[in-house]
Number of protein chains: 2
Amino acid sequence: MTRGAGRGGSSAAPRSVDVARVAGVSQKTVSRVFNDEPYVSAEVRRRVLDAAEQLGYRRNNAARALASGRTRSIGVVTLGTALYGPASLLMGVERVVRDTGYALRVVNTMEGDPAGVAGAVGSLLDQGVDGIVISEPIDEIDEGRAEPDASPRVDVPVLVIGAPSPVTAPAVLTAGDCAEVMARTATEHLLALGHRTVHHLAGPQRWYAARDRLEGWRATLDDHGRDVPPVVHGDWSAPSGYAAGRRLAEDPDVTAVFAANDDMAIGLIRALTEAGRRVPEDVSVVGFDDIPVSAYVNPPLTTVRQPFDAVAQEGLKRLVHVIENPEADHLPPSDPPIDLIVRASTAPPPSRTTPARERRTTA
Amino acid sequence: MTRGAGRGGSSAAPRSVDVARVAGVSQKTVSRVFNDEPYVSAEVRRRVLDAAEQLGYRRNNAARALASGRTRSIGVVTLGTALYGPASLLMGVERVVRDTGYALRVVNTMEGDPAGVAGAVGSLLDQGVDGIVISEPIDEIDEGRAEPDASPRVDVPVLVIGAPSPVTAPAVLTAGDCAEVMARTATEHLLALGHRTVHHLAGPQRWYAARDRLEGWRATLDDHGRDVPPVVHGDWSAPSGYAAGRRLAEDPDVTAVFAANDDMAIGLIRALTEAGRRVPEDVSVVGFDDIPVSAYVNPPLTTVRQPFDAVAQEGLKRLVHVIENPEADHLPPSDPPIDLIVRASTAPPPSRTTPARERRTTA
DNA sequence: TTGAAAGCGCTAACAG
DNA sequence: CTGTTAGCGCTTTCAA
């Protein structure tokens, strides 16, 4: 093979020996300079840097990885959706990964993908990564099953965001497992407004995120000794929220609904409104995520803002720490901030003496 | 260094020679099997595969890349936002990249990032990629400037989505440059409804996407010999749409607005509604993107759906073709489908009994 | 503070 | 059909 083949360049890419020759030093010295190793005189460092610049030298990452056994990259497994939550998380992860000097490799797991998380993780391992982030995995691996091809031998540290780990690895960290608390916050808000109970429009139960929110909601109701009404299920989408809303609208007892995400909340509100149930006068609705349009829909949506950036940042800091200090103690997780954003979609329940239809809104 | 160091495994990772030994063949034969090269008897192939399975063998990608000069990965430069457009595009790209057998590396350019696209591309080149996708770049490089550190020497094929190329490379492909046509479609729709002219709520002009939409709108108006009212600018966000809406609401001549994305359209509608201008009775609004909630906001939004998946798929197919056949002719681009989704936010203008035209003193 | 030598694990020719 | 021989461009010893 010709030097530089595959790079498509007209001239071969310069290597560290080329830089060394130009700078009049050994190849090893060039290596030292580029790795910020000590014991290089300022004078030599300058010469090397100049030569590199002049030649347009760029370190060959494959050679580095091969020689050092470290790829300096982190792989992330995400769902292949543009849903606000997963997408925000991915962006947060990218930012931190880059800040910590690692490169990012991304593999999606589509819903219904037969290989699922295991396949995605395997693919990342094939590519070569020093650590793996699994963002919001959903159920697809049977629990308790340990067949080697189902849950691949992961020999790098893993950070799992928003779920218990679907893989076994020498070091497993978790982050962002605060959905339950957030769901409590949302539910408590509704209860504090005077609602007798709160209905829940849940996400798909294969998602831990959905289950956690449901759990938080149910636990809050239990704690307050309230009825736990039947759960309505959606698929995160506005259409599914709309469908749920039509059903919920038929039940006059429904005065407060906690939706597991904003998209569903928006669909829900539309259905409620079309059915003649005003929001928030007749029914209060709380969403989850605080997507960008939530403040501007009609009515502006009360919701819980997820601390995506904080979760990504904190989790990755810990992951990188484990990667670079395999023996050291893990950094302790910290609790991310949780914000309940109260807007106009929640209000006290309609007074019970007056039928809703006779109430008048003054504008 | 110890074998397998950096992988953190308790035992060293098996190499192809190990597999070869177990299978009783040469190392090269193992390589043949794993590369699906011809001239390996079924019998030998089986033995190799069995041995590999037994050992838990995984090819070392760094060594492969070093020896072959190909990294088998594609890098993508995206904006670091969870905006629906960029995020959808990224997901579409991931899917296709994986389908074509490449790995994906991702680098974001944050707005205000000093290094910008050039820095991101450089980082990808450092990491080692066989091709680069630049998704919706925004202006940050001075045009016409050719300093080496400003626009790095890109020696791999580049696919630019939704913009002219901000870099020079041996092969530059473009895709998704249909925003102008889509903007025309939106504007024509409004004109066909009977509106005298159409106002435009534009995106930030550093984005090509925003400029293209503006151009399409302006050209359509010109073609029909209509007034081109002053452009209102937003920043893609719902709040900015809201702010624009307050201004637009004061002008009774405004009967139709084409917003450069759905988020702004939603903010705009809210402002219009609050100001007592009904949508669509008094003012029609068309958005752009068809984000998931658009069908469920109030009123459901008429919008233009961007063919993200089609654009990603088509563009990448061409990019991969160039990577693998540097000498061959480029595959021809094809036109992605454009869908105007007509919902309830557009309608004919209010009847012209009030002499709005008399008030127009400046054009 | 610097350099020389020896691989890292694989693919690319070229023989058989 | 299969094996041999060289590297790919670095990092890592170890020596100076």
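Per chain, numbering begins at 1; letters A, B, ... match sequence-line order. Quick caveat: nothing in here was measured; it's all calculated off a predicted structure.
- Of the charged side-chain nitrogens involved, at least one lies within less than 4.0 Å of a carboxylate oxygen, so that A:D18 and A:R15 count as a salt-bridged pair.
- Remark: side-chain polar atoms of A:E314 are not paired, donor with acceptor, to backbone N or O of A:A175 under 3.5 angstrom.
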TODO: Could you check B:Q127 against B:S123 for side chain to side chain donor-acceptor pair (under 3.5 Å), going step by step and ending with a plain yes or no?
DONE: CA-CA 6 Å; B:Q127 295 172 31; B:S123 151; 3.2 Å; yes
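- Listed nucleotides D:dC1, D:dT4, D:dT11 differ in distance to B:Y39; the shortest reach to its side chain belongs to D:dC1.
- Distance CD (B:E37) to P (C:dC10): 14 Å, rounded to an integer number of Å.
- A residue-by-residue look at B:A62 and A:P38 shows that A:P38 has its nearest nucleotide of DNA chain C further toward the 5' end.
- The side chain of A:R59 sits closest to D:dT11 out of D:dT11, D:dC8, D:dT2.
- Residues A:Q27 and B:Q27 each lie close to DNA chain D; by heavy-atom proximity, the contact nearer the 5' end of the strand is made by B:Q27.
- Counting any heavy atom pair closer than 4.0 Å across all strands shown, B:F34 reaches no nucleic acid atom.
- At a threshold of 4.0 Å, the pair A:D99-A:R95 does not count as salt-bridged, since none of the basic side-chain nitrogens sits closer than that to a carboxylate oxygen.
- Here the P atom of nucleotide C:dC10 and the CZ atom of B:R72 are 12 Å apart, to the nearest Å.
- Checking C:dA12, C:dG9, D:dC10 against every side-chain atom of A:R64, the shortest atom distance belongs to D:dC10.
- Rounded to whole Å, the distance from CG on A:N60 to P on D:dT11 is 10 Å.
- Nearest to the side chain of B:A63, among D:dG3, D:dG9, C:dC10, sits C:dC10.
- Here D:dC10 presents its P atom at 10 Å from CG of A:N61, a figure rounded to the nearest Å.
- For the pair B:E94 (side chain) and A:N108 (backbone), a donor-acceptor distance under 3.5 Å is present.
- Atom-to-atom, OH of A:Y57 to C1' of D:dG9 comes out at 8 Å; the value is rounded to the nearest Å.
- Nearest to the side-chain atoms of B:L66 among the listed nucleotides C:dT2, C:dC10, D:dC8 stands D:dC8.
- Between the side chain of B:R47 and the backbone N or O of B:A23 there is at least one donor-acceptor pair closer than 3.5 Å.
- Listed nucleotides: D:dT11, C:dC10, C:dT1. Nearest to the side chain of A:S41: C:dT1.
- The CZ-C1' distance, from A:R21 to D:dC10, rounds to 16 Å in whole Å.
- For A:K28 and C:dG3, the NZ to P distance is 11 Å, given to the nearest whole Å.
- Counting any heavy atom pair closer than 4.0 Å across all strands shown, A:V17 reaches no nucleic acid atom.
- Between the CZ atom of A:R15 and the P atom of D:dC8 there is a distance of 7 Å, given to the nearest Å.
- For A:V25, the side-chain atoms get nearest to C:dG3 when compared with the rest of C:dT11, D:dT12, C:dG3.
- Below the 3.5 angstrom threshold, one finds a donor paired with an acceptor across the side chain of B:R32 and the base of D:dG3.
- Residue B:S26 places at least one side-chain N or O closer than 4.0 Å to OP1 or OP2 of D:dG3.
- Considering only the side chain of A:S16, D:dC10 comes nearest among D:dT11, D:dC10, C:dC10.
- A sub-4.0 Å separation between OP1 or OP2 of D:dT2 and a side-chain N or O of B:T29 is absent.
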